[in-house]
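Naming: A, B, ... by sequence-line order, numbering from 1 per chain. Because only heavy atoms are used, hydrogens play no part in the values below, and waters and symmetry mates are left out as well, while side chains stay in.
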Amino acid sequence: MKKYTSISDIDDLESIIREARGLKSHNPEYKVGTGKTLGMLFFNNSLRTRLSTEKAAKLLGMDVMIMNVDKDGWALEFEDGAVMNSDKAEHIKEAAAVLSQYCDIIAVRAFPGLKDKEKDESEHILNSFQKYASVPIVNLESATGHPLQALTDAITIQEFNQVERPKVVLSWAPHPKALPQSVANSFVEVMQRLDVDFVITNPEGYDLASHIKKDTRVEHDQEKAFEDADFVYVKNWSSYESYGEVLNVEKNWIVDQAKLKATNNAKVMHCLPVRRNVVIADDVLDSDNAIVIAQANNRTYAAQVVLKRILEC
Amino acid sequence: MKKYTSISDIDDLESIIREARGLKSHNPEYKVGTGKTLGMLFFNNSLRTRLSTEKAAKLLGMDVMIMNVDKDGWALEFEDGAVMNSDKAEHIKEAAAVLSQYCDIIAVRAFPGLKDKEKDESEHILNSFQKYASVPIVNLESATGHPLQALTDAITIQEFNQVERPKVVLSWAPHPKALPQSVANSFVEVMQRLDVDFVITNPEGYDLASHIKKDTRVEHDQEKAFEDADFVYVKNWSSYESYGEVLNVEKNWIVDQAKLKATNNAKVMHCLPVRRNVVIADDVLDSDNAIVIAQANNRTYAAQVVLKRILEC
Amino acid sequence: MKKYTSISDIDDLESIIREARGLKSHNPEYKVGTGKTLGMLFFNNSLRTRLSTEKAAKLLGMDVMIMNVDKDGWALEFEDGAVMNSDKAEHIKEAAAVLSQYCDIIAVRAFPGLKDKEKDESEHILNSFQKYASVPIVNLESATGHPLQALTDAITIQEFNQVERPKVVLSWAPHPKALPQSVANSFVEVMQRLDVDFVITNPEGYDLASHIKKDTRVEHDQEKAFEDADFVYVKNWSSYESYGEVLNVEKNWIVDQAKLKATNNAKVMHCLPVRRNVVIADDVLDSDNAIVIAQANNRTYAAQVVLKRILEC
C-alpha cells in the first residue's frame with residue numbers, strides 16, 4: 001500500500017479485513033515499525049482517531065509524534081504563489097517536505113469548512129500534503145472522506161454478520177450542528193465493494209453526492225428502508241445539495257427501539273462521538289443492538305493493518 | 001490493587017511505602033508494563049502529576065497516551081438520559097468504554113467546580129469513569145481527593161522522620177484564589193493511618209468536612225499547633241462550611257521562620273505549586289527546613305508503585 | 001558538553017560537525033540515552049525544533065516528555081523575592097528543581113518579549129532554568145540565541161560547500177512582524193568560528209548588537225554584499241538599535257533570482273518557517289539554489305550530537 005487517503009487505495013478489501021481481524025486476536029512479536037516514526041497532524045480535535053492510531057503505531061513498534069498543527073505550530077499557507085504577508089507563517093511546501101524528513105509516515109486530520117463545496121472537494125489540505133510530502137500520507141478524516149473509519153466499519157460488519165448477504169442501511173440522523181459528509185461518503189464507498197444489500201436512507205435534500213452514491217438505492221422513507229435490515233449505520237451529515245446547510249426536516253429521524261422493530265433485530269453502528277437522544281436513543285445505545293463500542297475497538301486494528309501494509313511496501 | 005481512586009484503596013500502607021522507597025533506590029530491569037498502555041486524561045492543568053506519572057509508567061515499560069480532554073477531544077456529557085442537543089458532543093458512557101479498549105489503565109484529573117458541594121462530593125467525573133470504564137482508574141486529583149499526593153506525603157514523612165512518633169501538623173495557609181480541599185482531605189486520611197501525632201490547624205470557618213477529619217484534633221491557634229512539631233504540611237483550601245468561599249482571616253497564616261521557632265526544627269512540606277511569600281515565606285522555602293523538592297521527587301515512586309500494583313493484579 | 005545554551009558551549013566545532021554528519025549517514029545501534037528522559041518545555045510554538053529534537057532524543061533511546069508550559073502547566077514566576085499573590089502560581093525555583101528530578105536533560109524554548117532590551121538580554125527564563133535546575137539545559141531558541149539552529153547551519157554549509165573558503169552572506173529580509181534577533185545572532189557567532197569569508201548585509205538601523213557582530217563586516221548595500229557569494233543565509237530580524245521595532249526600509253530586501261545573479265550560483269538558506277514572496281521569492285525557493293529542506297533535515301543530527309555529548313559527559 002503506497003498511501004491511504006481513500007478507500008480506493010485498498011486493492012484487496014477482503015484480505016485486508018481478514019488480516020486486521022487476525023491482528024486483533026494475535027498481535028505479532030515482530031515489530032515491522034521499529035525505528036520508524038509516525039507523525040500525526042491535527043487541524044481538528046480527535047479522541048478515537050488519535051488514540052487508536054497512536055496505539056496501532058506503537059503495537060507495530062513505531063515512535064509517534066503528535067502535533068496540533070495550528071495550536072502548537074505555525075498557521076499554514078496552502079495557496080500556490082501566495083505573497084505571505086498576513087497571518088500564515090509557513091507554506092505547506094516547506095512544512096510537508098520538512099516533516100517528510102522527520103517522519104516515515106504522515107497522518108493528517110483536516111475537516112472541511114462546509115462553506116465552499118469546490119474547495120472542500122479539492123481536498124486542498126490532504127492533497128497538498130500528498131503533493132509536497134515525500135513519504136506516504138494517511139487520512140485521519142479529511143474534507144470528503146474517512147477511510148480508516150470505513151475500513152473499521154467493514155471489519156465490524158464482517159465480524160458481527162450472521163447471514164449470507166446482510167441488509168445494511170445507512171441512515172441519516174438529526175444533529176444540531178452542520179457536520180461533514182466524510183464518514184457517510186467513505187462508508188458508502190466501502191459498502192459498494194462488499195457483498196451486502198446496501199440502502200441509504202435520508203430526508204429529501206440530504207442526498208449524498210451522485211459521484212459517491214452512484215447506483216446505490218436511496219430510500220427517503222426511513223421506515224421502509226429499515227425493513228429486515230441486519231445492520232443500521234446511523235450518521236448525521238449536512239446537506240450536500242444546499243451545501244453545508246442544516247435543513248428543516250419534518251419527521252424525527254432519531255433511531256430508537258420503536259424504529260428497530262421493523263428490522264431483523266439489527267445491529268446498530270455509529271462512528272462516535274454520538275449525541276444520545278438526538279442521533280440515537282438511550283434505549284438503543286444501552287441495548288444489545290448497539291455495537292458501537294466493539295466498532296470503536298476495531299479502529300485500532302484498521303489503523304494497524306494500514307500502517308503495516310504501508311511499512312511493508 | 002484493583003484501582004486507585006482514594007487512599008482507602010490501599011490495604012497495606014506500610015508495605016506499599018516500603019515498596020515505593022525500594023523502587024526509588026533500585027528500579028528493576030523487569031518491566032511489568034511492557035505492552036501495556038496508560039491513558040492520562042486531563043480536565044485541568046498539571047505539571048508534577050503529569051510528568052511524574054508519565055515517568056513512572058515509562059519506568060514500568062508502559063506506553064503513555066495523554067489527552068487534554070476538553071481542549072483536544074470532545075466536551076463530555078455526564079448526565080444520564082441527557083438529550084445531547086447542546087455543546088456536549090460525547091457521553092461518558094461511550095468515552096469511558098472506548099478508552100477502556102485502547103488503554104490498560106485510565107488516569108483522570110478532574111477538579112471540583114467549588115460551586116455545588118453536593119455535585120463535587122458525588123465525584124461525578126471520577127465516578128462516571130469508574131462506572132463506565134472496564135479497566136482500573138487512577139485518580140490524578142479529583143473533586144475531593146488527591147491520593148497519589150497523599151501516598152507521596154506518607155513516603156516522604158517516613159523517609160525524613162527521625163523520632164519514634166513524629167508530630168505532624170497540617171496547617172492551612174492563605175491564597176488569593178479558591179482552591180479545592182482535595183490535597184488536605186487525602187493527607188488527613190493517610191495521616192490517620194500512620195503512627196503519628198497528627199493535628200490540623202486552620203482558621204475558624206475552614207474546618208474540613210467532618211467525615212474527613214473524624215476525631216483528628218483541630219487547633220484553631222496556629223502557634224499552639226506548631227509547638228514541637230516535627231513536620232509542618234502547609235496547604236491552602238477554600239472553606240468547606242461556606243462552600244468554596246475565601247473568607248476574611250484576621251491573622252496572617254503564612255508559614256515563615258518566626259513561626260517555625262516553636263517547632264522541633266520542623267521539616268516543611270507542600271504539594272506544589274506553592275506561592276512564595278503568600279503561602280510559605282522565602283526564608284523557609286530556601287532553608288533546610290523545606291523538603292518540598294524531595295517530596296515532589298517521591299511523586300514518581302508513589303505513582304510507580306500504584307501502577308505496578310494495579311498491573312500485577 | 002555540560003550544557004548547550006549558546007554556541008560558546010561548543011569547544012571543538014569542527015569535530016562536532018563531523019560527528020553530526022556521521023550520525024546522519026550511520027545511526028548507531030548502541031543507545032546512549034536508554035533509560036534517560038528529555039523534558040521539552042515550550043513557552044512558544046514550535047514545529048521543526050520540537051519534532052527534530054524529539055526525534056533526535058528517540059534515536060538515542062531517550063524517553064521524551066513535552067510540556068506547553070503556560071498552556072498545560074502553571075504560569076511561572078521568575079522574580080526573586082516576589083510576593084506571589086497574582087497570576088503566577090509557581091516559582092521557577094521549584095519548577096526547575098522538580099523538573100530536574102523527572103528529567104535528565106531539560107530543553108527550553110523561550111522567545112524574547114522585544115519590548116525591554118535589558119530584560120531580554122538578561123535571558124531571564126533560560127538563565128533561571130540554568131540557575132535552579134540541577135541537570136543540563138538545552139536552548140531550543142531563547143531571547144537572544146538559537147544555537148541548535150546555528151550548529152545545523154554550520155553542518156549544512158560544510159555539507160554543501162564546494163570551494164576552499166566560501167563567501168557566506170547573512171542577509172536581512174522583510175517581514176510583516178517584529179521577530180527576534182536570536183537566529184541571526186547565533187548564526188553570526190558560529191560563522192565567526194568557521195573558515196569562511198563572512199559578510200552581514202542589512203538596512204541602516206538593523207545592525208545587530210556590536211557584542212555579537214564584533215569585527216564582522218557589515219555591508220548596507222545588499223547587491224554589493226551578494227557579489228560572488230557561495231551561500232546566502234536569509235533571515236528577518238527586528239531592529240536592535242530601535243529595539244524590537246519594524247523600521248521603514250526603502251528598497252525591497254526580498255531575495256529573488258534577479259539578486260542571485262551577482263552570486264556564485266549561491267546556495268540559499270533559511271531556518272524556516274519562511275514567508276514566501278515576502279522573505280524569499282518562489283523563484284528561489286522552488287529552484288536548486290534553495291537548500292532549506294536539507295538544512296531542516298540537519299536539525300535532527302545537530303540535536304542528536306548535542307544530546308549525545310551531554311549524555312556522555
Exercise. Go through the steps to decide whether R275(B) and E90(C) satisfy the test salt bridge (Lys or Arg N to Asp or Glu O under 4.0 Å), and finish with yes or no.
Key: CA-CA 6 Å; R275(B) 288 170 177 259; E90(C) 176 140 41; over 6 Å; no
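- With a 4.5 angstrom heavy-atom cutoff, L285(B) touches chain C only via side-chain atoms.
- Only the backbone of D87(C) comes within less than 4.5 Å of a heavy atom of chain B; no side-chain atom from C-beta onward does.
- Put simply, of L47(B), V278(B), L59(B), L51(B), the one with the most heavy-atom pairs under 4.5 Å next to chain C is L51(B).
- Remark: the S171(B) side chain and the Q222(B) side chain contain an N/O donor-acceptor pair separated by less than 3.5 Å.
- Contacts of N297(B) with chain C are made by both backbone and side-chain atoms, with heavy-atom separations under 4.5 Å.
- Contact of L76(C) with chain B is not made at all, since no heavy-atom distance falls under 4.5 Å.
- Between K259(B) and D283(B) there is no salt bridge, since no side-chain N of the basic residue sits under 4.0 Å from a carboxylate O of the acidic one.
- Using a 4.5 Å cut-off between heavy atoms, K71(B) touches chain C through its side chain atoms alone.
- Under the side chain to side chain donor-acceptor pair (under 3.5 Å) criterion, D63(C) pairs with no residue at all, not counting sequence neighbours.
- Ring geometry, Y206(B) versus W172(B): the interplanar angle falls from 30° to 60°, so the pair is classed tilted.
- Put simply, of R299(B), K55(B), K177(B), the one with the most heavy-atom pairs under 4.5 Å next to chain C is K55(B).
- Ranked by heavy-atom pairs under 4.5 Å with chain C, the first of T300(B), V292(B), V274(B) is V274(B).
- Ranked by heavy-atom pairs under 4.5 Å with chain B, the first of C103(C), A95(C), S86(C), S100(C) is S86(C).
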Check: residues 77-84 of chain C side-chain donor-acceptor pairs under 3.5 Å, at least two apart:
from: E77(C); atom 1: OE2; to: E79(C); atom 2: N; distance (Å): 3.0
from: D80(C); atom 1: OD1; to: K93(C); atom 2: NZ; distance (Å): 3.0

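- With a threshold of 4.5 angstrom between heavy atoms, P273(B) approaches chain C through its backbone and through its side chain.
- Side-chain atoms of N185(C) and E189(C) include no donor-acceptor pair closer than 3.5 Å.
- The contact between A294(B) and chain C is made entirely by backbone atoms, counting heavy-atom distances below 4.5 Å.
- For N27(B), no part lies near chain C; criterion is any non-hydrogen pair under 4.5 Å.
- Side-chain atoms of Q181(B) and T144(B) form no donor-acceptor pair, as typed in the model, at a separation below 3.5 Å.
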